[in-house]
Amino acid sequence: VYRALGKIDEALVSYQKAIELDPNYVEAYGNLGNLLAYLGHFDDAISKHRTALQLKPDFLNALSNLAIALNASGRRSEALECFSKRLESERGDNPSNPEDRTFRFITKAKMRHDIEQFRYLVTQKQDAERFVEIASMYETADKEIDWPSEDTKAISLSEEHRERLGATYNRSVHLLEAAEVSGSSLSDTLDVGKITADYFSHAAGMTYFDDLLSREALSSLRRFLLGSTIWVGFDYPGGYLGSMLIDGLACPLLLQISDDLRRTFPDIFKNHQLTQLWAYKYDSSLTGIEVHADFAAVNVNFWITPETANLNPESGGLVVYDSEAPLDWDFRTYNKNQHRIREFLDEHDSGKTVVPYRENRIVLFNSNLFHETDTIEFKQGYENRRINITMLFGDRKLT
């Protein structure tokens with residue numbers, strides 16, 4: 001409760017007292033580790049997360065929080081090992097929780113994507129026979145399922161379909177490499193001074209620019225995102241699919257990009273460390289993310305899909321409003337409560353910046369600014385699905 005109220009000193013004392021009372025209190029070590037990382041005490045945070053894992057080796061949240069702390073302290077390879085260990089535990093040959101919702105439920109939109117992805121993998125010539133068999137299996141199940149009228153409505157898989165698809169559905173059956181590139185992952189044409197000045201010319205902090213990544217980094221990342229079976233999240237309101245660091249998205253290249261951004265734009269990122277990273281993939285027949293703000297200090301949003309897939313060059317990107325979420329709103333309010341947010345924007349007559357979609361374009365802004373996906377109208381076809389990467393740095397209350 002103290003942590004939620006922002007009373008950091010009191011929260012620290014309470015966690016430490018809880019551990020004194022019960023030295024085996026695993027969750028207290030984990031929460032204390034998170035708070036220490038929030039304060040920038042990464043070595044101490046790492047120690048607490050390791051203690052939690054010693055007490056409970058299958059404490060998966062501690063494993064991923066340890067990875068975030070390790071990455072923030074510059075120990076990228078160790079962080080990736082932790083993410084890999086969690087992925088194997090959750091989505092490998094013997095999942096730690098086979099009754100997880102992502103194994104038991106599915107949407108029509110998710111099924112459509114997975115069939116498209118397995119058919120795409122057939123064209124990549126590696127393990128083609130295997131993916132032909134998997135794609136055919138999914139196509140058969142697709143015809144057998146009595147789907148609801150809404151493509152985004154999650155339904156439970158029957159025991160028969162779970163048994164048939166279980167070894168492949170939302171499992172890490174194909175994970176490509178996305179290694180670090182030599183030198184910087186960012187383009188060598190960036191005008192750092194102008195970009196920084198543009199960012200601070202906005203009252204709250206916001207700008208966008210093109211050619212973010214080097215061609216090598218962009219090509220490698222696109223291949224990784226198209227070919228890896230990491231798109232496990234399907235419960236989003238718009239029907240888009242998501243992948244988090246713990247789902248297999250954690251790769252050397254994305255962590256390198258986050259470090260290169262911080263190193264290249266120090267006045268913008270300050271001491272803010274990477275706290276979360278995800279990717280979303282959109283079916284153009286459905287909708288994008290509703291208006292919201294995020295918990296971070298700096299938000300990075302960049303786009304991977306070739307712009308030739310975008311049928312409307314004036315849209316398909318991001319709308320960023322000039323209003324910041326009130327700091328006394330809780331996460332659920334500023335991130336989920338559409339009625340309250342729209343009402344707030346109307347009351348404050350908020351202006352906005354509409355950023356059209358472009359391949360390799362980045363929108364860099366104060367994460368506390370309300371924002372939403374613009375109207376999406378992309379071509380059909382697996383490789384034409386709109387893909388964006390989001391990185392969050394720091395905390396909204398520590399700008």
Side-chain angles (χ1 to χ4, degrees), residues 80 83-84 87-88 90-95 102-103 106 108-143 161 164-182 185 213-234 240-245 247-257 279-285 302-310 359-360 378-389:
L80 288 166
F83 282 125
S84 179
L87 178 65
E88 177 59 29
E90 267 192 312
R91 305 197 179 276
D93 292 336
N94 296 294
T102 59
F103 296 138
I106 196 169
K108 176 65 175 178
K110 166 67 171 167
M111 174 66 84
R112 183 165 58 233
H113 167 272
D114 286 7
I115 290 172
E116 286 183 7
Q117 184 174 37
F118 288 127
R119 285 297 175 193
Y120 165 81
L121 288 172
V122 171
T123 69
Q124 301 306 294
K125 309 300 183 185
Q126 185 178 2
D127 292 334
E129 290 185 9
R130 177 192 181 205
F131 291 121
V132 165
E133 181 180 344
I134 295 174
S136 298
M137 182 171 61
Y138 275 63
E139 287 167 342
T140 300
D142 182 32
K143 294 173 184 176
H161 287 134
R164 202 186 309 168
L165 306 179
T168 59
Y169 179 59
N170 270 343
R171 305 279 281 275
S172 56
V173 297
H174 193 64
L175 193 61
L176 297 178
E177 284 191 22
E180 295 181 24
V181 297
S182 59
S185 59
L213 302 179
S214 70
R215 300 315 298 178
E216 180 186 1
L218 179 63
S219 176
S220 175
L221 186 56
R222 181 184 294 134
R223 177 176 174 272
F224 169 76
L225 295 170
L226 287 173
S228 300
T229 56
I230 59 176
W231 302 96
V232 304
F234 56 82
Y240 48 90
L241 303 181
S243 181
M244 311 296 284
L245 285 167
D247 298 325
L249 185 63
C251 64
L253 179 55
L254 279 171
L255 296 188
Q256 180 189 12
I257 291 168
Y280 288 143
K281 187 188 286 190
Y282 302 80
D283 182 327
S284 63
S285 65
F302 61 93
W303 301 314
I304 300 300
T305 307
E307 59 201 59
T308 53
N310 185 12
E359 171 191 7
N360 208 14
F378 276 48
K379 295 177 184 176
Q380 295 298 315
Y382 181 70
E383 295 181 68
N384 293 322
R385 285 175 176 263
R386 179 187 184 274
I387 300 176
N388 79 271
I389 300 290

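- In this structure, a donor-acceptor pair under 3.5 Å is absent between the side chains of R222 and T305.
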H174 vs F118, ring-ring contact (aromatic ring centres under 6.0 Å, His included): CA-CA, chis, key distance, verdict: CA-CA 10 Å; H174 193 64; F118 288 127; 9.2 Å; no

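- The salt bridge (Lys or Arg N to Asp or Glu O under 4.0 Å) test applied to K281 returns no partner, not counting sequence neighbours.
- By the side-chain contact (heavy atoms from CB on, under 4.5 Å) test, A217 pairs with V181, S185, L213, S214, L253, sequence neighbours left out.
- In terms of heavy atoms, F103 sits closest to E90 at CZ-O, 3.4 Å.
- In this structure, the side chains of I389 and L225 come closer than 4.5 Å at one or more pairs of heavy atoms.
- For E383 (side chain) and A309 (main-chain N/O), no donor-acceptor pair under 3.5 Å exists by modelled atom type.
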Side-chain donor-acceptor pairs of residues 120-131 under 3.5 Å, sequence neighbours excluded:
from: T123; atom 1: OG1; to: Y120; atom 2: O; distance (Å): 2.5
from: R130; atom 1: NH1; to: V173; atom 2: O; distance (Å): 3.4

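- In this view, W303 and N301 satisfy the side chain to side chain donor-acceptor pair (under 3.5 Å) rule, not counting sequence neighbours.
- With sequence neighbours left out, the side chain to side chain donor-acceptor pair (under 3.5 Å) criterion links Q256 to no other residue.
- To the nearest 0.5 Å, the span separating CD1 on I106 from CG on N170 amounts to 8.0 Å.
- Put simply, the side chain of S172 gets close to the backbone of R91: a donor and an acceptor are under 3.5 Å apart.
- With sequence neighbours excluded, no residue forms a side chain to side chain donor-acceptor pair (under 3.5 Å) with Y240.
- At distances below 3.5 Å, at least one donor-acceptor pair connects side-chain atoms of S228 with backbone N or O atoms of F224.
- The shortest side-chain heavy-atom distance between I134 and Y138 falls under the 4.5 Å cut-off.
- With sequence neighbours excluded, no residue forms a side-chain contact (heavy atoms from CB on, under 4.5 Å) with S84.
- Put simply, CD1 on I387 and OG on S243 are 10.5 Å apart, with the number rounded to the nearest 0.5 Å.
- Contact record, A178 with P252: O-CD, 3.4 Å, taken as the closest heavy-atom pair.
- In this view, F83 satisfies the ring pair (Phe, Tyr, Trp, His ring centres under 6.0 Å) rule with no residue, not counting sequence neighbours.
- Interatomic distance, L249 CG to C251 SG, rounded to the nearest 0.5 Å: 6.0 Å.
- Between T229 and R171 there is no side-chain heavy-atom pair separated by less than 4.5 Å.
- The CD atom of E359 sits 8.0 Å away from atom CD1 of I304, with the distance rounded to the nearest 0.5 Å.
- Here the side chains of M137 and T168 are in contact, with some heavy-atom distance below 4.5 Å.
- Taking 4.5 Å as the limit, some side-chain heavy atom of L221 sits within range of a side-chain heavy atom of F302.
- Every pair passing salt bridge (Lys or Arg N to Asp or Glu O under 4.0 Å) that includes a residue from residues 113-123 is listed here, sequence neighbours excluded: K110-D114, E116-R385, R119-E139.
- With sequence neighbours excluded, the residues satisfying side-chain contact (heavy atoms from CB on, under 4.5 Å) with S284 are I376, F378, Q380.
- The side chain to side chain donor-acceptor pair (under 3.5 Å) search around Y169 returns none, not counting sequence neighbours.
- A 4.5 Å side-chain heavy-atom check between D283 and R112 finds at least one atom pair inside the cut-off.
- When all heavy atoms are compared, the tightest approach of L241 to H113 is CD1-CG, 3.2 Å.
- Annotation: side-chain contact (heavy atoms from CB on, under 4.5 Å) contacts of T140 (sequence neighbours excluded): E144, R164.
- Using a 4.5 Å heavy-atom cutoff, the side chains of W231 and D247 are not in contact.
- Within the 4.5 Å cutoff, the side chain of L175 has heavy atoms near those of the L87 side chain.
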Stepwise side chain to side chain contact (heavy atoms under 4.5 Å, CB included) check, N94 with E88: CA-CA 8 Å; N94 296 294; E88 177 59 29; over 6 Å; no

